[in-house]
Number of protein chains: 2
Amino acid sequence: MTFRDIEIFVTVCELKSMSAAAKKLYMSQPAVSQTISQMEGELQVRLFDRIGKRLTLTYPGEILYSYGRRILNLVKEAESTLDDVRNMRMGRLRVGASTTVGIYLLPEIIGEFRKRFSVDVYFTIDNTAGIEKLISDNSIDLGIVEGPVHSRDIVVTPYIDDELYLVCSKNHRWAEKKSISPAEIENEDIIMREKGSGTREVFEETMARNNVRYRIKYVLNNTEAIKKAVEANIGVSVISRLAVEKEIRGGRLVKVDIENIRFERKFSIIYHKDKFKSNLFEEFIKHLYDFRSNIK
Amino acid sequence: MTFRDIEIFVTVCELKSMSAAAKKLYMSQPAVSQTISQMEGELQVRLFDRIGKRLTLTYPGEILYSYGRRILNLVKEAESTLDDVRNMRMGRLRVGASTTVGIYLLPEIIGEFRKRFSVDVYFTIDNTAGIEKLISDNSIDLGIVEGPVHSRDIVVTPYIDDELYLVCSKNHRWAEKKSISPAEIENEDIIMREKGSGTREVFEETMARNNVRYRIKYVLNNTEAIKKAVEANIGVSVISRLAVEKEIRGGRLVKVDIENIRFERKFSIIYHKDKFKSNLFEEFIKHLYDFRSNIK
DNA sequence: TAGTAAAATAATATGATATTATGAGATTGA
DNA sequence: TCAATCTCATAATATCATATTATTTTACTA
């Protein structure tokens with residue numbers, strides 16, 4: 001029993017005529033006759049009584065008709081739902097990001113995106129390695145990460161150039177100077193994210209590369225907490241511009257330049273090389289690049 | 001998209017492998033590959049992500065999988081329901097009968113039948129012409145009637161020989177005699193069914209054939225009412241044995257023979273010649289004949 | 001880095017599902 | 001009542017979808 005069979009049967013039921021059904025389905029009348037009698041053979045029940053030239057449904061025929069309608073409706077519904085997906089009237093996008101991007105950038109990006117498309121967006125925050133794993137698993141469709149990606153199967157596209165700012169409280173003695181020499185850092189109390197965080201990696205790597213000694217006095221695993229601590233002048237810190245721009249503009253934190261040293265990193269968009277790029281996926285990538293102008 | 005397509009797709013989803021699905025469905029692997037990619041072409045959506053050698057469902061794939069399962073379940077349910085019908089675990093039988101049979105015989109017959117098969121029995125009472133019409137329409141499957149059937153398209157099978165009994169009250173002067181001559185009827189008050197009823201037709205036709213004069217004093221369109229009236233000795237009547245046997249056995253009515261005259265008729269089973277005889281139909285016919293031994 | 005395994009692709013074979021042609025039975029209308 | 005018309009069934013054939021085998025590509029595994 002195929003859908004075609006059911007479609008033909010249902011049409012015959014509704015028109016109470018094989019030839020009329022044939023006409024409606026743009027096929028020959030014998031094809032309809034054959035289909036019906038074949039169904040009767042397969043199912044081992046008589047579907048129609050042929051009384052005179054009039055067709056009337058038998059009891060099993062009525063049962064099959066009711067199921068047939070339900071089945072056809074379900075198929076139609078499935079097709080139209082898939083059509084909605086294809087035309088992005090519905091959909092699902094699973095995005096992952098490492099901490100900084102995830103907290104300070106993506107929520108707004110996703111919010112804007114959902115204003116344009118009423119789709120479900122699933123959103124995971126993890127470190128770069130975790131996001132990379134999720135991409136490999138196809139557990140998420142796309143990620144935005146800060147660190148280097150190791151798998152050869154993952155496509156990496158530069159997205160945003162990030163910079164970490166050295167910030168201090170407006171009450172700190174550096175607040176006036178706006179610029180210091182590297183040596184001045186040595187005896188300063190530094191508040192820093194935990195080991196393994198992308199921010200700390202960039203900080204330590206840059207400091208080492210420039211042979212600057214430093215002392216991390218406080219470790220907090222939460223950027224917001226670090227900002228509060230710096231504001232309270234408990235110490236200074238190095239934090240992504242994405243996380244502190246508001247506070248700097250508001251004067252609650254002060255950005256301090258270090259002579260000849262900049263903490264730089266790149267955020268990258270990553271996805272699996274074999275990933276099928278749905279319309280929605282492409283649209284989100286476009287959206288990401290469009291959104292960049294809001295930041296730079 | 002065919003039923004087969006969905007079956008293949010669902011199997012692939014569940015085994016997460018095309019070759020495993022092919023094995024399970026006893027078909028070649030390329031056939032599965034082809035089916036899937038053809039579905040993707042038709043529906044214009046990617047159903048699987050081919051990441052490495054692992055297959056994972058896309059979002060539209062997941063949607064189709066959920067619909068697919070529902071559709072397959074519905075088809076299976078339809079098939080098993082039809083199987084139940086075929087094996088008479090369920091069914092429908094539409095029976096019609098003319099008045100006497102309908103009231104005094106069929107209820108018990110149907111009751112017994114439903115003890116054996118849990119099927120729906122629809123039951124219509126009408127005069128012979130009405131039942132004949134319903135048969136022609138295929139509005140009922142089978143009828144039991146008393147009168148002659150005119151349509152050449154209806155199969156008529158003799159069922160039961162019925163006889164009308166002349167009955168009087170136990171207080172009537174005939175009650176002792178048990179037998180009378182035709183001439184004795186002439187001046188008797190007769191209570192009779194309305195014109196057009198099968199009973200009256202047989203009565204009048206038999207009386208005319210035997211040149212007996214008679215006088216119908218009361219007309220009632222209800223056999224039960226006639227029986228009560230006869231019991232009350234308001235008059236005598238001629239009633240099917242099926243309707244009065246209990247009362248005669250109980251002594252409330254007395255059967256009176258008329259010399260050389262018997263009111264005879266036959267009940268017949270009728271159905272349309274083109275009617276498909278389902279198992280249930282055949283079973284009911286058999287049941288009818290089995291039941292005869294309870295009456296004769 | 002070879003060996004194995006899975007999926008895709010190509011060429012071909014098969015078979016279900018159409019079509020045309022025709023026939024039988026039934027209703028309709030002159 | 002009898003031809004005309006209509007409906008469905010049957011038979012022969014054609015077509016096209018769906019399978020198969022053979023082969024290639026790619027990825028995982030030891």
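No experiment lies behind these values; they were computed from the predicted model shown. Here is the naming used below: chain letters follow the sequence lines, and residue numbers restart at 1 for every chain.
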Query raised in the report: By a strict heavy-atom criterion of less than 4.0 Å, which residues belonging to residues 1-19 of chain A are in contact with DNA chain D?
Result: A:Ser17, A:Met18, A:Ser19
Report task. For DNA chain D, determine which residues of residues 37-47 of chain A have any heavy atom closer than 4.0 angstrom to one of its atoms, and list them numerically. Result -> none
Suppose we call two aromatic rings close when their centres sit under 6.0 Å apart. Are [X] and [Y] close by that rule?
X        : Y        : value
B:Tyr289 : B:Tyr159 : yes
A:Phe291 : A:Phe113 : no
B:Phe117 : B:Phe284 : no

Taking [X] for its side chain and [Y] for its backbone only, find out whether a donor-acceptor pair lies under 3.5 Å.
X        : Y        : answer
B:Lys277 : B:Lys275 : yes
A:Lys16  : A:Glu14  : no
B:Thr128 : B:Val145 : no
B:Ser136 : B:Glu132 : yes
B:Asn87  : B:Asp83  : yes

Query raised in the report: Any salt bridge between B:Arg94 and B:Asp141, counting N to O under 4.0 Å?
Result: yes
Query raised in the report: Would you call A:Arg92 and A:Asp120 a salt bridge, taking side-chain N to carboxylate O under 4.0 Å as the test?
Result: no
Query raised in the report: Closest to the A:Ala31 side chain: C:dA7, C:dA10, C:dA18?
Result: C:dA18
Report task. Please state whether the rings of A:Phe48 and A:Phe9 are parallel, tilted or perpendicular, taking 30° and 60° as the class boundaries. Result ->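 Rings of A:Phe48 and A:Phe9: tilted, 30 to 60°.
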Query raised in the report: Under 4.0 Å between a side-chain N/O of A:Ser33 and OP1 or OP2 of D:dA9, yes or no?
Result: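 Looking at the OP1 and OP2 atoms of D:dA9, one of them is under 4.0 Å from a side-chain N or O of A:Ser33.
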Query raised in the report: According to a strict under-4.0 Å criterion, is B:Arg50 in side-chain N/O contact with OP1 or OP2 of C:dA8?
Result: yes
Report summary line: 5'-most contact on DNA chain C (nearest-nucleotide basis), B:Leu55 vs A:Thr35, goes to B:Leu55
Just the rounded figure in Å: distance from [atom2] of [N] to [atom1] of [X].
X       : N      : atom1 : atom2 : result
A:Phe48 : D:dT7  : CZ    : P     : 15 Å
B:Asp49 : C:dA8  : CG    : C1'   : 16 Å
A:Lys23 : C:dT19 : NZ    : P     : 14 Å

Query raised in the report: Which residue lies toward the 5' end of DNA chain D, A:Gln34 or B:Tyr26, if each is placed at its nearest nucleotide?
Result: A:Gln34
Query raised in the report: Quick one: what's the B/S/- string for nucleotides 22-30 of chain D, heavy-atom cutoff under 4.0 Å, read 5' to 3'?
Result: B----SS--
